[in-house]
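In listed order, ligands and their atoms are each counted from 1. Note that the structure is predicted; figures quoted are calculated from it, not measured.
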Amino acid sequence: MHFPTTTLALLSALLSLSSLASAQYPSAAASATSTAPASATSGAVTIVRVSNAQGALTFSPSELTAPVGSWVEFRFWPRNHSVVQSSFDSPCAPLASGKGIFTGFHSVAAGTTDFPTYTIQINDTKPIWYYCSQGQHCQGGMVGVINAPADKKLTTYVAAAKAASANLSPSTGPFGGVNGSSSTSEGKDPSASGSGSAAQPSATGAAGRAQVGAWVLAAALGVAVVLV
Ligand SMILES: [Cu+2]
């Protein structure tokens, strides 16, 4: 391919920016599997997708282990979802007023490239059972857990959610975390890229970051072609 000099300069600048952006994101794989002391993993971020490009009633991953001091970022896909913490025994119902986490509802337009996020820090090893309080999403299996204990299974929680008589949101909020948004390149959905073999960037560490770089390169090339 041949690009005019100005286009190549733009491309170069975009790639420089993408390197900086991806370098700031620690490996989710490391945070999910590490047994190192909390101080060694305090900066790790695990991304949990809230739904996906297909609009599935899922959290992905729905189950994860997050060390004390690490962070979990919920990333909201279309259309309109929430994350609410419940007890193991009472899915689809919030904890006592103001306890735990409630992200509020995030209404996200189809086809967006700017994803709302909600980030919490893991302060202890207690399990965080959570669900989406939109419509009947909780009953539909849109539930998950962080740091599940050995004697309690997500499948049990899913079954209890399916039988819940109501799906409730906290009366006030949000609380328990920090709102933000993800950049375009980091939010790119691998399943929508047209490549069936694309890996999820948040789950593959260094390889994932390389994958993100490849997407940014593809995006930058797209911009360059448009400008030509
Ligand atoms: Cu939902």
Checklist entry - Can the SG atoms of C92 and C138 be said to lie under 2.5 Å from each other? => result yes
Checklist entry - Rounded to 10 degrees, what angle sits at the Cu ion (ligand 1) between H81 ND1 and C132 SG? => result 130°
Next on the checklist: Y130 vs F74, test: ring pair (Phe, Tyr, Trp, His ring centres under 6.0 Å). Steps then yes/no.
Outcome noted: CA-CA 11 Å; Y130 62 85; F74 291 98; 5.2 Å; yes
Checklist entry - Hey, does W129 have a side-chain heavy atom less than 4.5 Å from the side chain of S90? => result no
Checklist entry - Within the stated cut-off of 2.8 Å, is an N/O/S atom of C138 closer than that to the Cu ion (ligand 1)? => result no
Checklist entry - Measuring to the Cu ion (ligand 1), does M142 have an N/O/S atom at a distance below 2.8 Å? => result yes
Checklist entry - So which of the N, O or S atoms of H137 lies nearest the Cu ion (ligand 1)? => result ND1
Item to check | Centroid-centroid under 6.0 Å between H137 and H81 rings | outcome: yes
